[in-house]
Amino acid sequence: MMMGSVDAAAELREDFLRLLRSRRSDEVPLSVELAKPVKYPLYQEMPRPTFSEEMESCPKEEIENFKELLKEENLYLTTEAGEQGRLPMLILKMEKEGMEQRRPTIVFLHSTKKCKEWLRPLLEAYASRGYISVAIDSRYHGERASSLTTYKDALVKSWRDADTMPFIFDTVWDLIKLADYLSQRDDVDPSRIGITGESLGGMHAWFGAAIDNRYSVVVPIIGVQGFRWAIDNNKWQARVDSIKSVFVAAQTDLRKENIDEEVVEKVWDRIAPGLASNFDSPYTVPVIVPRPLLILNGAEDPRCPLGGLEIPLSRTRKEFEAASCAEKFKFIAQPGIEHQMTLQMIKEASDWFDKFLKA
């Protein structure tokens, strides 16, 4: 990146870290404890999801006795004091002669209402190809939830108390601590840690990579969007509908007849300060340069409308060109696809990681 861009990126990261620390419980030393496999994962949706054709399609190596060679770790990483500071991790890797001692590693992030166990088909597919696969439960999901409404309740509480940031930002703090942990492992190559996710997980991957450059290859799937653009162009409805309870609470508290642009802006400013301003995609996507970045969206996705991506994509391309590595950036908007991760996206992500993380 050009010198001015480097300085701006460093300043943005400092500002973002300052925000994260402003709503943290006490910081504690990084520590890890053993956990047990989750027999009955909690999904905050009904009916409970059972199968993903898309994830099952992920390229995998056909290996005899793969299940016997697969090693599973269930761990808790302490990222801060308090109940939500206990980060559940699921790690899969192959134990096989001739494999690298330090391997490329990928962090996978689930979508809203799901959990790390939902990602197992992806974890196993990548592990079969020599990667260390890591999945976590985001804040108020999976093992960090206790009911079907835990995440919704946390969002409403954040609006009313402004003491936490359950939408995106608190999990980004966990991703910083996760990078600390992974970088210390004897089997992880700290220069080859990738990150990807779907929908909410795509947002986590985008912001996690923006704030922490230890994530060296980045693939957000149906997550990157323009929050400010959506407000200014009356395209916020689909995103709001995905977590509507907090906006209904704000509408009531603000004594408004309907959810409108004012309600939307006030909610974002309260639960994720800067999301629709200085930390929006026109500013946080370009700071990922020069690390390889593949953005995968649906061309008809109402939650991530293409109009909101024109400025961030233009700025990002210019930064990659200025860094003389334009080949490290790719944006694909799959025609006819709304808010859905597809077979094509799974294959594109797999190829991108193999190209830039295995080399």
Side-chain angles (χ1 to χ4, degrees), residues 5 8-9 11-13 15-16 19 109 111-112 155 165 167-169 171-172 195-211 218-244 246-247 250 259-289 291 293-321 329-335 337-341 345:
S5 299
E11 184 176 349
L12 183 145
R13 291 188 180 107
D15 289 344
F16 196 84
L19 170 65
L109 300 154
S111 56
T112 302
L155 291 168
M165 294 181 287
F167 187 66
I168 306 175
F169 290 176
T171 297
V172 174
I195 189 168
T196 186
E198 173 196 3
S199 191
L200 176 62
M203 291 183 259
H204 289 149
W206 149 28
F207 277 95
I211 196 65
V218 188
V219 185
I221 301 174
I222 59 171
V224 177
Q225 60 206 273
F227 287 90
R228 178 77 257 166
W229 183 93
I231 294 171
D232 292 342
N233 291 274
N234 195 32
K235 297 290 186 180
W236 46 264
Q237 291 83 356
R239 171 53 59 204
V240 164
D241 284 345
S242 69
I243 50 170
K244 195 165 184 178
V246 65
F247 293 93
I259 298 172
D260 57 16
E261 289 84 354
E262 180 186 1
V263 172
V264 175
E265 185 165 8
K266 285 183 180 295
V267 168
W268 293 145
D269 285 347
R270 185 87 164 169
I271 72 171
L275 184 63
S277 54
N278 53 311
F279 299 134
D280 201 356
S281 57
Y283 309 101
T284 47
V285 175
V287 302
I288 296 172
V289 179
R291 290 164 286 156
L293 170 63
L294 171 63
I295 299 175
L296 297 168
N297 279 32
E300 308 301 326
D301 189 344
R303 297 188 193 178
C304 306
L306 293 185
L309 296 180
E310 290 179 5
I311 292 176
L313 291 177
S314 174
R315 290 181 180 178
T316 301
R317 285 193 187 98
K318 288 179 181 177
E319 291 290 353
F320 272 103
E321 290 167 1
F329 177 57
K330 190 175 183 180
F331 169 68
I332 299 174
Q334 189 174 341
I337 298 299
E338 296 189 0
H339 194 72
Q340 174 190 356
M341 184 171 68
M345 293 175 188

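- Residue I311 qualifies as open at atom CD1: its count of foreign heavy atoms under 6.0 Å is 12 or below.
- The closest side-chain heavy-atom distance from I211 to F169 is not below 4.5 Å.
- The minimum heavy-atom distance linking N278 with L12 is given by the pair O-CD1, 3.9 Å.
- In this structure, F329 and L313 have side chains that are in contact, with non-hydrogen atoms separated by less than 4.5 Å.
- Shortest non-hydrogen contact noted between A205 and G197 is CB-N, 4.1 Å.
- Of the inter-residue distances, the one linking E198 atom CD with T112 atom OG1 reads 9.0 Å to the nearest 0.5 angstrom.
- Listed here is the closest heavy atom pair of G298 and L306: O-CD2, 4.4 Å.
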Mind running side-chain contact (heavy atoms from CB on, under 4.5 Å) on T171 and L200 for me, showing each step along the way? CA-CA 10 Å; T171 297; L200 176 62; over 6 Å; no
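- Remark: side-chain polar atoms of T196 are paired, donor with acceptor, to backbone N or O of V219 under 3.5 angstrom.
- Atoms CD1 and CZ, on I243 and F167 in that order, are 4.5 Å from each other to the nearest 0.5 Å.
- Ion pair R228/E265 flagged as a salt bridge, since at least one NZ, NE, NH1 or NH2 atom sits closer than 4.0 Å to an Asp/Glu carboxylate oxygen.
- Proximity of V240 to V246: side-chain heavy atoms (C-beta onward) are nowhere separated by under 4.5 Å.
- Closest approach of H339 to I222, counting heavy atoms only: CE1-O, 3.2 Å.
- In this structure, L19 CG and M165 CE are separated by 4.0 Å, a value rounded to the nearest 0.5 Å.
- Using a 30° and 60° split on the angle between ring planes, F16 and F279 fall in the perpendicular class, above 60°.
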Please evaluate residues V224 and F331 with respect to the criterion side-chain contact (heavy atoms from CB on, under 4.5 Å), reporting the C-alpha separation (whole Å), side-chain torsions for both, the decisive distance (0.1 Å), and the verdict. CA-CA 11 Å; V224 177; F331 169 68; over 6 Å; no
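- Contact between P302 and P305 at its shortest, heavy atoms only, is O-CD, 3.5 Å.
- When each of R303, K235, R239 is checked for a side-chain hydrogen bond (donor to acceptor under 3.5 Å, both in side chains) with Q225, only R239 meets the rule.
- Residues N234 and Q237 share a closest heavy-atom pair of OD1-NE2, 2.9 Å.
- One finds the OG atom of S281 at 4.5 Å from the CH2 atom of W206 (value rounded to the nearest 0.5 Å).
- Taking CD of E338 as the reference point, atom SG of C304 lies at 12.0 Å (rounded to 0.5 Å).
- Between W268 and F247, the ring planes are perpendicular. Angles over 60° get that label, and only those under 30° would be called parallel.
- Using a 4.5 Å heavy-atom threshold, the side chains of I259 and W236 count as touching.
- Although no hydrogens or angles enter the test, the distance criterion places a donor-acceptor pair under 3.5 Å between the side chain of D260 and the main chain of V263.
- Here the CG atom belonging to L109 is positioned 7.0 Å from the NE2 atom belonging to H204, to the nearest 0.5 angstrom.
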With side-chain contact (heavy atoms from CB on, under 4.5 Å) as the criterion, how do L293 and V289 come out once you've worked through the C-alpha distance, each side chain's angles and the decisive distance to 0.1 Å? CA-CA 8 Å; L293 170 63; V289 179; over 6 Å; no
